[in-house]
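All heavy atoms count here, side chains included; hydrogens, waters and symmetry mates do not. Here, residue 1 is the first one in the sequence, and each next residue gets the next number.
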Amino acid sequence: MVDQLTPGIILLIIAAYFLVLISISYLTSKNADNDTFFIGGRKSPWILVAIGMVGASLSGVTFISIPGVIGAGGLNQSFSYMQMVFGYLLGYFFIANVLLPLYYRMQLTSIYAYLGERLGVQAYKIGSVFFLLSRTVGASLRLYLVAIVLHGFVLGPFGVSFAMTVIVTILLIWIYTFRGGIKTIVWTDTLQTIFMLSAVILTIISISKAMGVSVSEIPALIRGSEYSQLFYFDGGWNDPNNFFKQFISGALITIVMTGLDQDMMQKNLSCKSLGDAQKNMYTFSFILIFANLLFIALGALLYIYMGDVAPEIMANHPDLATNPDQVFPQIALQYLPPFVGIVFILGLIAAAYSSADSALTALTTSFCIDFLDFEKRADPPQVLKRIRFGVHLGFSIVLLILILLFKAYGNKAVINELFVWAGLTYGPLLGLFAFGMFTKLKVKGSLVIPICVAAPIISFFVNKYSAQLLGGFQFGSLLILFNGVLTFLLLFLISKKKETPSV
C-alpha cells in the first residue's frame, strides 16, 4: 500500500477549491437580480453551457456508482450501460428540435408553464410538483453519496459527525449560488466538469502504470476481460439489459430528465438564442458520450486491477462486494499514489457540486415562478429577492433532512435507486407533455392530479410483480415508458375535444 493522503491535506485541498468557486461567484453575481438568478439574463455563452451541462448530468452518482457497478452486476453490467448512453443521442436530438423551439417560442422561465397554457392550472401545478419531488430526492441521493466519502475520509477522522458533514456540504453550495444563481453556475459548472473529467483520465493513467501497461494498451486489456460485453440480445425482452430496452429507455430518460426537467432546461434557456441553445445541446451530447466511455473504462480497470494486481483489496475490504459505491474511493485514496487521491477528491467534489448547485437553483426557480408567481407579482425587487433567499435556504434544509434519512434507511446502490425513482416521478411528466404536444384534446382539470398520482403508484406495483404477472418480463429502465404511457391513456379517458369558437 502506498502512502496515503492525510485528512488534513484533503481538507486544505477542498478549502482551496471552494475559495476558487466563491471567487467566481463574487465576480459573476455583481448587481445580480432575479432575472440573473433564474435565466442569467439570457446571455450565457453556449459553449460554457454545453461543458457545464456535462458535469450536471453526470454528478457524483456517475463518478462513484458507475465505476463501482461495472463489476458488481445489477442494473447495468459492464459496457452494456453504453446501450443506454447511445439512446441518449436520440433523446437529445428530440430535445434540440422539438422541445427547445417550443420553450423559446413561448419565452418560458419555468418550462411547466407550458402545461398551464395547454392543459390547465392543475396540470401546471402537478407537473411542477413532480419536478420538485424528483429533483429534491435526486439531488439528495447524489449529495448523500458524496457526504459518505467526505465523512469517511476527511471530516470523520477529526471527530465531526455525519450530520455536521452534510451541513457543511450544503452550506458551501448555498454560499456560492444564493446571489448569482444560473449566471454563476454556468461558469462554476464549466470549471467543475473540467476537474471531473481530468480526475477520471489521470486515474486511468495511474492504474495503467500500476498494472504495467501503457495507455494505448488499455482498450485491448478491457476487450480481453469479462467486462467488455457491449450489446446484450441473448436474454430477449425478459432481460433488463436487453439492447433495445436499454436504447429506448436511454432516449426516454434523456427526454424526461433533461428535456422535461427545469434544472437542465434552465441552463439552455439562459442562452442568447434558440440557435445557441441547439448548438449547446448537440455539443453537450457528444461530449457526454465520451465522458461515459471514460467512466465505464475506469470501472473495468478498477476490477481488473483488484483481480490481477491487488487481490488483497477485496480480502481486506469484503464489504466492497455488497457496497460497490466504495470501490473507486477505496482504491483511489488508499491503494494508488497520493496525487490520485488529490484528483479523486477534486473530481468527486466537482461532480457532486456541479449537479447539486444547479439542482438547488432550479428548485428555487420552479417554486418562485410556479407557486409564488414571481412573474406576475408587483412587489418591489428587494422584497422578491428576500423571498427568493428564503426559498433557497428552505430547499437547502430539505436536502439536509433527506440526506440524513438516506443515511438512516438507505442500503442499495445509489445508481439503482436513482433510476427507479426517475421511472416513477418523471413518468407523469412524460405523459402530460406528450398529451399536450401530440393531441389537440382538452382534459377535465379536476381529474388531472388524481391521475398523475395514481399512475406512478400503479407503475410501482406492476414493476414489483412484473415477473409473476408477465411471464418473467422485467421492465428495468423501461418503467418510465410504462408510467408515461399509462398517464397518457388515463388523460385520454378524461379528455374532450377543444371547443371551436362560434362564428
How many angstroms lie between atom OG of Ser134 and atom CD of Gln262, to the nearest 0.5 angstrom?
->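 Result: 11.5 Å between the selected atoms.
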Could you check whether any side-chain heavy atom of [X] comes within less than 4.5 Å of a side-chain heavy atom of [Y], counting everything from C-beta outward?
{"X": "Leu400", "Y": "Ile170", "result": "yes"}
{"X": "Thr439", "Y": "Phe488", "result": "yes"}
{"X": "Leu90", "Y": "Phe247", "result": "yes"}
{"X": "Asp189", "Y": "Ser358", "result": "yes"}

Taking only residues two or more places apart in sequence or in another chain, which ones pass side-chain hydrogen bond (donor to acceptor under 3.5 Å, both in side chains) with Thr365?
->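 With neighbours one apart ignored, the set is Gln266.
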Anything under 30° is parallel, anything over 60° is perpendicular, the rest tilted; go ahead and classify Phe433 against Tyr112.
->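 Answer is perpendicular, since the angle exceeds 60°.
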How are the rings of Tyr17 and Phe195 set to each other: parallel, tilted or perpendicular (split at 30° and 60°)?
->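 Perpendicular: the ring planes of Tyr17 and Phe195 meet at over 60°.
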Identify all side-chain donor-acceptor contacts of residues 18-26 below 3.5 Å with residues at least two apart in sequence or on another chain.
{"unit_1": "Ser23", "atom_1": "OG", "unit_2": "Leu19", "atom_2": "O", "d": "2.8"}
{"unit_1": "Ser25", "atom_1": "OG", "unit_2": "Tyr176", "atom_2": "O", "d": "3.0"}

Qualifying side chain to side chain donor-acceptor pair (under 3.5 Å) pairs, either residue in residues 154-172, two or more places apart =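 For residues 154-172, and leaving out neighbouring residues, there are no side chain to side chain donor-acceptor pair (under 3.5 Å) pairs at all.
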Lys407 to Phe162, cation-pi by 6.0 Å centre distance and 45° axis angle |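 Because its charged atom sits under 6.0 Å from the ring centre and within 45° of the axis, Lys407 does stack over Phe162.
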Does Lys183 make a cation-pi contact with Phe37, if we ask for NZ or CZ under 6.0 Å from the ring centre and within 45° of the axis?
->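 Cation-pi check for Lys183 and Phe37: fails.
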Could you list all the salt bridge (Lys or Arg N to Asp or Glu O under 4.0 Å) pairs where at least one residue sits in residues 259-276, not counting sequence neighbours?
->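 Found Arg135-Asp261, Arg135-Asp263, Asp263-Lys267, Asp276-Lys279.
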With ring centroids as reference points, do Phe130 and Tyr426 lie under 6.0 angstrom apart?
->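 Ring centres of Tyr426 and Phe130 not closer than 6.0 Å.
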Could you list the donor-acceptor pairs under 3.5 angstrom formed between side-chain atoms of residues 290-299 and any protein atom two or more places apart in sequence or on another chain?
{"unit_1": "Asn292", "atom_1": "ND2", "unit_2": "Leu288", "atom_2": "O", "d": "3.0"}

With a cut-off of 3.5 Å and sequence neighbours excluded, list every side-chain donor-acceptor pair involving residues 384-391.
{"unit_1": "Lys385", "atom_1": "NZ", "unit_2": "Ala32", "atom_2": "O", "d": "3.2"}
{"unit_1": "Arg388", "atom_1": "NH1", "unit_2": "Asn34", "atom_2": "OD1", "d": "2.7"}
{"unit_1": "Arg388", "atom_1": "NH2", "unit_2": "Phe178", "atom_2": "O", "d": "3.1"}

